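A short write-up of the structure that comes next.
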Amino acid sequence: MNFTLGYSHTKNNQNIAIARFKDVFPNIPSEENVTVQIPINLESSDYIGLTVAAPIRINKWWNMINNGNLYYNHFNGNLAGSFLNNGQPAFDMSTNNSFTFKKGWTTELNASFNSGGQYGFMVSKPQWGLSTGVQKTVLKNKGTVRFNITDIFWTNRPRATITYPGVYIEKWHAFRESRVATLSFTYRFGNNKVQAARRRTTGSEEERQRAGN
């Protein structure tokens with residue numbers, strides 16, 4: 001198990017902001033409900049976090065790799081007269097599990113969770129996802145059939161609230177195609193025994209050359 005503690009202070013860091021067009025470009029006429037997504041430079045940001053990596057071998061057929069990050073972000077900045085001086089603790093975690101069975105069968109089950117947190121003027125909401133896959137070797141271990149599906153329950157969708165104190169509040173929710181299923185087949189051509197023999201011949205030749213030197 002590995003632990004990493006980190007801290008950073010950044011000045012003039014770039015951040016993505018969603019704001020009313022008229023607040024960002026006051027000299028250009030526009031409607032009240034027109035928004036724009038633009039990169040902006042904040043005055044500064046501070047980050048402190050603890051990262052944990054924990055690989056675990058449950059048994060000979062189950063291998064697990066776990067990762068977690070507990071952190072705090074604080075931002076200072078100004079956009080269209082709205083001043084930002086705020087921060088929020090957050091954490092994210094993931095677990096990747098691989099299972100190896102007899103007769104060439106292997107499966108995977110992966111899960112992730114993000115609590116959401118402060119990102120400039122934006123505060124994101126929690127989101128999570130679950131993915132899985134199964135694989136089978138065929139044709140004397142030369143072929144592989146694999147089926148995967150990501151974000152099974154279609155829950156890994158970003159949501160956030162953007163607040164400009166004294167001006168307005170905006171909420172957004174992105175619907176993206178994160179749930180995807182794939183079926184694939186791969187085949188390895190050539191003779192594995194010949195390839196192994198070539199590797200042994202090459203190794204022997206290298207030994208002879210070193211002995212001659």
Side-chain angles (χ1 to χ4, degrees), residues 1-17 39 41-77 84-137 141 144 146-161 174 176-182 184 186 188 199 203:
M1 184 176 295
N2 297 320
F3 297 88
T4 304
L5 181 64
Y7 170 78
S8 65
H9 175 77
T10 307
K11 293 184 177 181
N12 298 320
N13 59 309
Q14 192 175 86
N15 190 265
I16 298 298
N41 287 328
L42 298 177
E43 181 181 335
S44 65
S45 67
D46 292 273
Y47 165 90
I48 182 170
L50 175 65
T51 301
V52 180
I56 302 175
R57 184 77 173 183
I58 305 298
N59 50 46
K60 63 180 181 180
W61 55 269
W62 182 1
N63 191 41
M64 177 188 296
I65 300 177
N66 303 298
N67 293 282
N69 187 21
L70 176 65
Y71 58 96
Y72 176 82
N73 274 328
H74 192 97
F75 297 89
N76 292 278
L84 173 66
N85 182 13
N86 203 2
Q88 191 175 104
F91 72 94
D92 57 68
M93 63 178 70
S94 66
T95 178
N96 301 318
N97 300 266
S98 59
F99 308 90
T100 304
F101 302 107
K102 295 180 179 179
K103 297 182 179 181
W105 286 95
T106 58
T107 61
E108 292 183 359
L109 181 64
N110 305 318
S112 63
F113 176 80
N114 188 305
S115 69
Q118 190 86 30
Y119 184 69
F121 286 91
M122 180 172 62
V123 177
S124 60
K125 303 295 184 180
Q127 62 187 86
W128 63 278
L130 186 68
S131 304
T132 188
V134 60
Q135 177 177 295
K136 176 69 169 68
T137 55
N141 295 329
T144 302
R146 184 174 179 84
F147 174 77
N148 289 321
I149 181 169
T150 60
D151 195 13
I152 297 173
F153 300 103
W154 203 31
T155 52
N156 200 11
R157 295 175 291 176
R159 298 174 297 145
T161 300
R176 59 188 182 186
E177 294 297 333
S178 55
R179 182 169 57 187
V180 178
T182 59
S184 63
T186 58
R188 295 179 295 276
R199 287 194 293 269

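From a predicted model like this one, the values you see are computed outputs, not experimental measurements. Basis for what follows: all heavy atoms, side chains included, without hydrogens, waters or symmetry-related copies.
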Notebook entry, point to check: With no hydrogens and no angle check, is any side-chain donor or acceptor of T150 less than 3.5 Å from a backbone partner on V180?
Noted result: yes

Note to self: Minimum heavy-atom separation for D92 and N114, please, with both atom names.
What the structure shows: CB-ND2, 3.9 Å

Next item on the list: Would you give the length of the straight line joining atom OG1 of T4 to atom CG of L50, rounded to the nearest 0.5 angstrom?
Entry: 8.0 Å

Next item on the list: Over 60° means perpendicular and under 30° means parallel, so classify the ring planes of W62 and F99, tilted if in between.
Entry: tilted

Next item on the list: Decide side chain to side chain contact (heavy atoms under 4.5 Å, CB included) for M1 and N66; before the verdict, give the C-alpha distance in whole Å, the side-chain angles of both, and the deciding distance to 0.1 Å.
Entry: CA-CA 9 Å; M1 184 176 295; N66 303 298; over 6 Å; no

Notebook entry, point to check: Where is the tightest heavy-atom contact between M122 and A160, given as atom of each residue plus distance?
Noted result: CG-CB, 3.4 Å

Check: Which pair of non-hydrogen atoms, one from R159 and one from P126, has the smallest distance, and what is that distance?
Finding: NH2-O, 3.4 Å

Checklist line | Sole candidate of W105, F101, F147 that passes side chain to side chain contact (heavy atoms under 4.5 Å, CB included) when paired with K136 | finding: W105

Next item on the list: Run the ring-centre check on F91 versus F113 and record whether the distance is less than 6.0 Å.
Entry: yes

Check: Taking atom CG of N73 and atom CD of Q118, what is their separation to the nearest 0.5 Å?
Finding: 8.5 Å

Note to self: Under the rule for side chain to side chain donor-acceptor pair (under 3.5 Å), what residues qualify as partners of N69, not counting sequence neighbours?
What the structure shows: T51

Next item on the list: Would you give the length of the straight line joining atom OG of S131 to atom CD1 of I149, rounded to the nearest 0.5 angstrom?
Entry: 8.5 Å

Notebook entry, point to check: Can you tell me how far the OG1 atom of T132 sits from the CG atom of N148, to the nearest 0.5 Å?
Noted result: 8.0 Å

Next item on the list: Give the intermediate values and the outcome of side chain to side chain contact (heavy atoms under 4.5 Å, CB included) for residues L130 and N156.
Entry: CA-CA 8 Å; L130 186 68; N156 200 11; over 6 Å; no

Next item on the list: Decide whether N13 and S45 meet the rule of one side-chain donor and one side-chain acceptor closer than 3.5 Å.
Entry: yes

Notebook entry, point to check: Is a donor on one side and an acceptor on the other found under 3.5 Å between the side chain of S124 and the backbone of G117?
Noted result: yes

Check: Roughly how far, to the nearest 0.5 Å, is CH2 of W154 from CZ of R176?
Finding: 11.0 Å

Note to self: Testing N85, N86, L42, D46 one by one against F75 for a side chain to side chain contact (heavy atoms under 4.5 Å, CB included), which residue passes?
What the structure shows: L42

Note to self: Has R179 got a side-chain atom pairing as donor or acceptor with I152's backbone, closer than 3.5 angstrom?
What the structure shows: yes

Margin query: Return the OG to NE2 distance between S44 and H9, rounded to the nearest 0.5 Å.
Written below: 5.0 Å

Notebook entry, point to check: Just checking, any donor-acceptor pair under 3.5 angstrom between side chains of N97 and T95?
Noted result: yes

Notebook entry, point to check: Does any non-hydrogen side-chain atom of H74 lie less than 4.5 Å from one of I48?
Noted result: no

Next item on the list: Write down the atom of T155, the atom of W128, and the distance for their closest heavy-atom approach.
Entry: OG1-O, 2.6 Å

